[in-house]
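Chain A is the first sequence line, chain B the second, and so forth, proteins listed ahead of strands; every chain is numbered from 1. Just so you know, these numbers use all the heavy atoms, side chains as well, and skip hydrogens, waters and symmetry mates.
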Number of protein chains: 2
Amino acid sequence: MNSKMNSQEWAREKIRSAGLRATPARIATLKVLHGSGSPLTHAEVSDKLENLEIDKATIFRNLTDLVAKNVLRRSALGDNVWRFEIIKESAHEHDSHPHFVCVDCGSVSCMEDVELKQKSTSASPLLEHVTEVVLRGHCNECA
Amino acid sequence: MNSKMNSQEWAREKIRSAGLRATPARIATLKVLHGSGSPLTHAEVSDKLENLEIDKATIFRNLTDLVAKNVLRRSALGDNVWRFEIIKESAHEHDSHPHFVCVDCGSVSCMEDVELKQKSTSASPLLEHVTEVVLRGHCNECA
DNA sequence: ATTACACTTGCAACATTATTGCATTTAAGT
DNA sequence: ACTTAAATGCAATAATGTTGCAAGTGTAAT
Ligand SMILES: [Mn+2]
Ligand SMILES: [Mn+2]
Ligand SMILES: [Zn+2]
Ligand SMILES: [Zn+2]
């Protein structure tokens, strides 16, 4: 991944190496998600692409396809809306991290500094089988 | 709460002391939830009450009303469906516990033996503000 | 027991989020 | 340029949840 590569080229490359065609809709979608610090809903992606007038079904299908190819992660954060974020190709295979959703304002944040600890060893399911952690509550803004 | 009290009487009492009218639909709903070891969706409650032929809007409204009166807890467990469970009037005011949802079979379990621990102190939001914890993954049944 | 009335219900319409079918268009290899 | 499987636009559909309103009912006062 060349450091001189711009966002457009990066997105195109990402899509192509996933075995998908680099269409304008996909490139634009990936650029939007790349510039976001937290996962975005379909509606949020659509809003940022409104000038391109891409059909909502197309955006949904592209998001779904990119999830299937492990380019994006789809998370269900508890407010009945899917959110999508780019999977960073970092050190760990399982770089999934907890997410926090504010029940007041709906803001979402990625939490890299929280870990889980099991009190007793009794219960099923085991923590090893946990693939996603969602915390809900009141963010600092909403006190 | 008399130990001889049957489920019907218990439900009626619970509803009345919440300041609501003890209608057949509400009593039946509470009895169903009382007999369940994990939170139930609206659809699951409806299924168990199908012989009573209660309108779905009524069930939704009753569930919502009982949540407003702190008789039930409504949880968003990440699969875009609300779930409802009875709030046990036990020791702690905040007796909310983490829930686990299997992404394969959809089963839900209440986890009483898991606690959260924060790695660093940097991040917002603080854990004190977290009101709900949801774990998603693969249950023991689904390996 | 009867009555009165606010609370509750049933029904249908509506809202939101997401998915699917199909004809048309397009990306990309040749 | 040509070819074709992949992708898109559009409209219909599904699933979950909400709302308006007329009719029915639980409760308490009489
Ligand atoms: Mn994240
Ligand atoms: Mn529970
Ligand atoms: Zn907030
Ligand atoms: Zn399972």
Note to self: In this structure, how many angstroms lie between the P atom of C/dA18 and the CG atom of A/D55, rounded?
What the structure shows: 15 Å

Next item on the list: Using a 4.5 Å cut-off on heavy atoms from C-beta on, say whether the side chain of B/R26 contacts that of B/D65.
Entry: yes

Check: Separation of A/F60 atom CZ from D/dG9 atom P, in whole Å?
Finding: 15 Å

Next item on the list: Report the residue (A/K56 or B/L20) whose heavy-atom-nearest nucleotide on DNA chain D is the more 5′ of the two.
Entry: A/K56

Notebook entry, point to check: So what does A/R61 touch, heavy atoms closer than 4.0 Å: a base, only the sugar-phosphate, or nothing?
Noted result: base

Checklist line | Nearest atoms (heavy-atom pairs only) where B/N62 meets B/A25 | finding: ND2-CB, 3.7 Å

Next item on the list: Flag the pair B/L33 / B/L40 as yes when at least one side-chain heavy-atom distance between them is below 4.5 Å, and no otherwise.
Entry: yes

Notebook entry, point to check: Are OP1 or OP2 of C/dA28 and a side-chain N or O of A/R16 less than 4.0 angstrom apart?
Noted result: yes

Notebook entry, point to check: Can you name the closest pair of heavy atoms from A/G37 and A/C110 and give their distance?
Noted result: O-SG, 3.8 Å

Margin query: Using the side-chain heavy atoms of A/R74, tell me which of these nucleotides is nearest: C/dT19, D/dT19, C/dT20.
Written below: C/dT19

Item checked: Side-chain heavy atoms of A/H99 within contact of A/R83, under 4.5 Å -> no

Next item on the list: Decide yes or no, distance alone: a donor-acceptor N/O pair under 3.5 angstrom between the base of D/dA5 and the side-chain of A/R21.
Entry: yes

Next item on the list: Write down the distance between CD (B/E44) and P (D/dT16), rounded to a whole number of angstrom.
Entry: 11 Å

Notebook entry, point to check: Closer than 4.0 Å, any side-chain N/O of A/T23 to the OP1 or OP2 of D/dT8?
Noted result: yes

Next item on the list: Using whole Å, report how far CD1 of A/I59 lies from C1' of C/dA18.
Entry: 13 Å

Margin query: From CZ of A/R26 over to P of D/dG9, roughly how many Å is that when rounded to an integer?
Written below: 11 Å

Next item on the list: Rounded off to whole Å, could you give me the CZ-to-C1' distance for the A/F84 and C/dT17 pair?
Entry: 11 Å

Note to self: Nearest whole Å is fine: how far is C/dC7 P from B/K69 NZ?
What the structure shows: 10 Å

Note to self: Using OP1 and OP2 only, check whether a side-chain N or O of B/R12 sits under 4.0 Å from D/dT27.
What the structure shows: yes

Check: A/A57 side chain: which of D/dG26, D/dG17, D/dA11 is closest?
Finding: D/dA11

Next item on the list: Look at all strands and tell whether B/N62 reaches a base, only sugar-phosphate, or nothing, counting heavy atoms closer than 4.0 Å.
Entry: sugar-phosphate

Next item on the list: Check every atom of C/dG29, D/dG9, D/dG26 against the side chain of A/I54 and return the nucleotide holding the closest atom.
Entry: D/dG9

Notebook entry, point to check: In terms of side-chain heavy atoms of A/T58, which of D/dA6, D/dC21, D/dG9 is nearest?
Noted result: D/dG9

Note to self: Using the side-chain heavy atoms of B/V81, tell me which of these nucleotides is nearest: C/dA18, D/dT16, D/dG9.
What the structure shows: D/dT16

Next item on the list: Measure from CG on A/N80 to C1' on D/dA15 and round the result to the nearest Å.
Entry: 11 Å

